[in-house]
Enquirer: 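My questions all concern the structure below.
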There are 2 protein chains.
Amino acid sequence: MSTGSSRESLPQKLSQGTLGPVDGSESAWEEIGFRGPQVCRIVGISYRQLDYWARTELLTPSLAEAQGSGTQRRYSYGDLVALKVIKSLLDAGVALKTARVAIDYLRDHLGGDLATASLVLDGSRSVLALTGDDIVDLVRHGQGVLNIVPLGPVVAELAASIHELDVTVAAAGPKATPAHGRKATGGG
Amino acid sequence: MSTGSSRESLPQKLSQGTLGPVDGSESAWEEIGFRGPQVCRIVGISYRQLDYWARTELLTPSLAEAQGSGTQRRYSYGDLVALKVIKSLLDAGVALKTARVAIDYLRDHLGGDLATASLVLDGSRSVLALTGDDIVDLVRHGQGVLNIVPLGPVVAELAASIHELDVTVAAAGPKATPAHGRKATGGG
DNA sequence: CATCGGAACGACACAAACGTAACTACCGGC
DNA sequence: GCCGGTAGTTACGTTTGTGTCGTTCCGATG
């Protein structure tokens, strides 16, 4: 991945992120974070959506808020997970307003192995089901509508998109993401 | 339930409705149908919603469309089930646009015992799961977001609301629902 | 026929969500 | 300092869904 220039290389150091154990899919972006346009590409949403969600405080960039035109928001890997969940819910026809409830919950409860977990919304509450049996219980005992978001595919797709970004950055060389590279050297 | 006046009594004859076997919860309203305002009360929605849904063809009255101001829409028991499903989805934060997909499917697939069935939406498809095991299978093998609507509570709540309407009509006597009563005698 | 209550109809307002596009500011290279 | 690229910012438009309210029509009743 590294092209040899320490200034342009992507950090390989793995660290504790905001969302619990590092499962290998975050690579080293966790320290630098992701810029707005990168996030849009990785998650598969429009810049307008990302901007609106930040402004209405659905999901604000946890590493750095923008300081005006020309500056950059920086999002963490955990932010990306949450954004991907929002996207999934929207794709499934769930209203943004409801996604807000889900994300409020997710913010406080992510910390385990996401690959086997599912976020379950049952109208007014959200629950993080950690195993398939947990879900079955919820389904069997539920009396109202359930929205079930498997997180395995979420993190898998994120890993793939981030890997693709890694590859793109490495292939493009030192000047591919000047804004990104310079921030890293800016003492971030 | 009958107050003795054949003109004002509610028909007790059970018949095949538009939604399969009569399960005892429809009473005899199936033949007469339900007027707009009654539907709103039974299902728990605003008249504006019902009107909009009829006008935008989400759910039109299957027994009779309105013929102008002052005339009446008449909805069947099956219409009520579908409306209740829509309401449940909306309450769960699912967008009306998505509910439209679900109702398109439901229109063609209702015919069994609803009390143990669930409607499952998985993004682009809808499935009617007839047993708890069906649902478990869908959940275990699903890769995207699932919306699960148990139909048991839907028909149970409908039965209760319709029973309440029956009681109200019977208690109020012959002039409680003139519009309704006269329709029955009008040869409907 | 006149009156009245009830139901549908039409018009407008508003909020939410997001697309489009122009504007502004920052940052880094030269 | 100048310039270009990039990202954020602002403004406006569109669509959808629903609330509010006035209008029109129908049918029953006196």
Enquirer: Output the rounded distance in Å from CD (B/Q72) to P (C/dG5).
Expert: 17 Å

Enquirer: When all nucleic acid strands are considered with a 4.0 Å heavy-atom cut-off, which category describes B/R55: base, sugar-phosphate, or nothing?
Expert: base

Enquirer: Looking at A/E157 and A/K84, is any side-chain nitrogen of the basic one under 4.0 Å from a carboxylate oxygen of the acidic one?
Expert: yes

Enquirer: Considering only heavy atoms, which members of residues 87-102 of chain A lie under 4.0 Å from some atom of DNA chain C?
Expert: A/L90, A/L96, A/K97

Enquirer: Salt bridge check: are A/R140 and B/D133 linked by an N-O gap of less than 4.0 Å?
Expert: yes

Enquirer: Report the distance from atom CG of B/L58 to atom C1' of D/dT18, rounded to the nearest whole Å.
Expert: 14 Å

Enquirer: Atom CZ in B/R74, atom CD in B/Q38: separation rounded to 0.5 Å?
Expert: 11.0 Å

Enquirer: Output yes when at least one side-chain N/O atom of B/Y52 is less than 4.0 Å from OP1 or OP2 of D/dG17, else no.
Expert: yes

Enquirer: Looking at every strand, decide which applies to A/T56 at a 4.0 Å heavy-atom threshold: base, sugar-phosphate, or nothing.
Expert: nothing

Enquirer: Answer yes if B/L80 and B/Y52 sit in the same cluster of Ile, Leu, Val, Met, Phe, Trp and Tyr residues linked by side chain heavy atoms under 4.5 Å apart, and no otherwise.
Expert: yes

Enquirer: Hey, which of these two, B/Q67 or B/Y47, hits DNA chain D nearer its 5' end, going by closest nucleotide?
Expert: B/Y47

Enquirer: To the nearest Å, how far apart are A/R48 CZ and C/dA21 P?
Expert: 14 Å

